[in-house]
Amino acid sequence: MSTGPVFGVEVYQNEYLHRGADEMHAIVTVTATGGDRSSDAAVVIMVDCSGSMNYPSAKMDAAHRATEAALDTLRDGTAFAVVAGTHRAREVYPGGGRLAVADAATRAAARRSLGGLTADGGTAISTWLLLADRLLAPSGAAVRHGLLLTDGRNEHEEPERLRAALERCAGHFTCDARGVGTDWEVREVTEIAGTLLGSADIVAEPEDLTADFTAMMEAVMGKGIGDVSLRLWTPLGASVRYVKQVAPAVADLTGRRAEAPPRAGDYPTGSWGEESRDYHLSVRVPPCDVGQEMLAARVSLVGPDGVTVSARPGLVRAVWTADPAAATALHPQVAHYTGQEELARVIQQGVDLRKRGDTAGAAARLGRAVQLAHVSGHEQTSQLLAKVVDVEDAATGTVRLKAKVAEADAMTLETRSTKTVRVKK
């Protein structure tokens, strides 16, 4: 019998508030350890087969090789299927509205079926996702996951259809989304991954697809439990203002709360292996006088059946004080991630302004991003920013927009803008 990981919860906060203050911030680190690496998984690989995948033909060839590599990475016993996506979705393997079970024979048969991945047609990603949902629905697997590859914009359906499909699929399976080349829309790919609690990234060069697909499938094979939620309980008079994942990437979970009476709410976090993630909580508390204290929130993790999977809850406390030094001190974890959230926000603002031709506004926002990345030691983001702006002084955020920027560099900065670094030790 397989067992899932055990979750630990740590809370980092300054628990002191001014007299009458009513807002408490905390960073919650959740760490999953132990448990089986699940063969109890079901995976659907969705490959863009629209006509644009033939231009250049290297994209389609790379998609074949990457899918083969992903199939080779499947652990025996994993349920799987391959779907070709165009303006409609088509089962490539095994067919018949079912999933195959991975072993040497089915992996070989699936590889042979990849000749059916031919580029022709348009792009309607909602159909791909809804087919994946139908294939995964009967599975009782602990981890249900999709891998989605596209090379173009979702041009053959209204945006509302994609959003409706994402709303329907949310909570049913998680999904990693990748854009190959530079002709796809960053917002579409990141919306897919964000809604379905997966990762989004650019693969600018087709020859890099194989390594990326292999890494994604290895990550899925490392998961031990799916459908885990962060449960926040608050006492009478207190309420949750927001919940954001802040590491390894920024993702706002606030609007995805599901009530879990009495006085608790569940926020979806997707599937887990052995890993650690950080969350920023803001809790509204009833203002009190000096000397009073209260439990502002209790944090735990629950599995898909609502059963607690964390060893012990994390406690967020509030203590009112007359000491201004104590009340104004910002915990290093809270300060760091507040900066990381701002970094993601100003990069997106700068990218949007640059697209609109507002060079002054873009330089101001991206200059602030350079400054924040420098202060937090976010070297990868600093390197990405340096491909879009000329940095004159990182400490002050003084930059100039580059006259010419490779499209792949601009898209990489936009796609990876939400990735964060943890507090320096």
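Quick note: residue numbers are just sequence positions, from 1.
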Can you tell whether the side chains of [X] and [Y] come within less than 4.0 Å, N to carboxylate O?
X    : Y    : answer
K355 : E414 : yes
D252 : K244 : no
R365 : D352 : no
E218 : K223 : no

Mind checking what makes side-chain contact (heavy atoms from CB on, under 4.5 Å) contact with [X], not counting sequence neighbours?
X    : value
V405 : R354, V388, K402, D409, A410
L384 : T412, L413, R416
A408 : T182, A204

Residues forming a salt bridge (Lys or Arg N to Asp or Glu O under 4.0 Å) with D176, sequence neighbours excluded:
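Partners of D176 under the salt bridge (Lys or Arg N to Asp or Glu O under 4.0 Å) test: none.
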Would you say [Y] and [X] are linked by a side-chain donor-acceptor pair, where the criterion is simply a distance under 3.5 Å?
X    : Y    : value
E23  : H25  : yes
D323 : Y16  : no
R256 : Y267 : no
T123 : N154 : no

Is there a side chain to side chain donor-acceptor pair (under 3.5 Å) between D133 and H172? Walk through the geometry before answering.
CA-CA 7 Å; D133 192 33; H172 295 180; 2.9 Å; yes
Determine all donor-acceptor pairs shorter than 3.5 Å in which one atom belongs to a side chain in residues 296-310; sequence neighbours excluded.
from: D305; atom 1: OD1; to: V307; atom 2: N; distance (Å): 3.1
from: S310; atom 1: OG; to: L301; atom 2: N; distance (Å): 3.1

Do F7 and W272 have ring centres separated by under 6.0 Å?
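Judged by ring-centre distance (under 6.0 Å), F7 and W272 do meet the cut-off.
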Please check if the distance between the ring centroids of F80 and Y93 is under 6.0 Å.
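Ring-ring flag for F80/Y93: true, centres closer than 6.0 Å.
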Looking only at non-hydrogen atoms, find the nearest pair between [X] and [Y] and report the distance.
X    : Y    : answer
A119 : M60  : CB-SD, 3.9 Å
M46  : C175 : CE-SG, 4.0 Å
T29  : S276 : CG2-OG, 3.5 Å
A326 : T321 : CB-CG2, 4.3 Å

R107 and side chain to side chain donor-acceptor pair (under 3.5 Å): which partner among D72, T73, D76?
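Result for side chain to side chain donor-acceptor pair (under 3.5 Å) with R107: D76.
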Apply the side chain to side chain donor-acceptor pair (under 3.5 Å) test between S376 and each candidate in Q340, Q371, R422; give the one that qualifies.
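That would be Q340; it is the only one of Q340, Q371, R422 passing the side chain to side chain donor-acceptor pair (under 3.5 Å) with S376.
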Does the side chain of [X] reach to within under 4.5 Å of the side chain of [Y], using non-hydrogen atoms?
X    : Y    : value
V319 : L17  : no
S271 : R144 : no
E342 : V346 : yes
S50  : D151 : yes
V83  : L135 : yes
M53  : T150 : no
L131 : E91  : yes
T418 : Q348 : no

Would you mind telling me which of D212, D48, D201 makes a salt bridge (Lys or Arg N to Asp or Glu O under 4.0 Å) with R178?
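Only one option passes, and that is D212.
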Between V143 and F173, does a side chain to side chain contact (heavy atoms under 4.5 Å, CB included) hold up when you go through it step by step?
CA-CA 8 Å; V143 175; F173 65 95; over 6 Å; no
Applying the side chain to side chain contact (heavy atoms under 4.5 Å, CB included) criterion to L295, which one of T234, L315, V285 satisfies it?
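Only one option passes, and that is L315.
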Mind telling me whether Y242 and H280 have parallel, tilted or perpendicular rings, with 30° and 60° as the class edges?
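The rings of H280 and Y242 stand perpendicular, inter-plane angle above 60°.
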Determine all donor-acceptor pairs shorter than 3.5 Å in which one atom belongs to a side chain in residues 62-70; sequence neighbours excluded.
from: H64; atom 1: ND1; to: L114; atom 2: O; distance (Å): 3.4
from: H64; atom 1: NE2; to: L117; atom 2: O; distance (Å): 2.8
from: T67; atom 1: OG1; to: A63; atom 2: O; distance (Å): 2.8

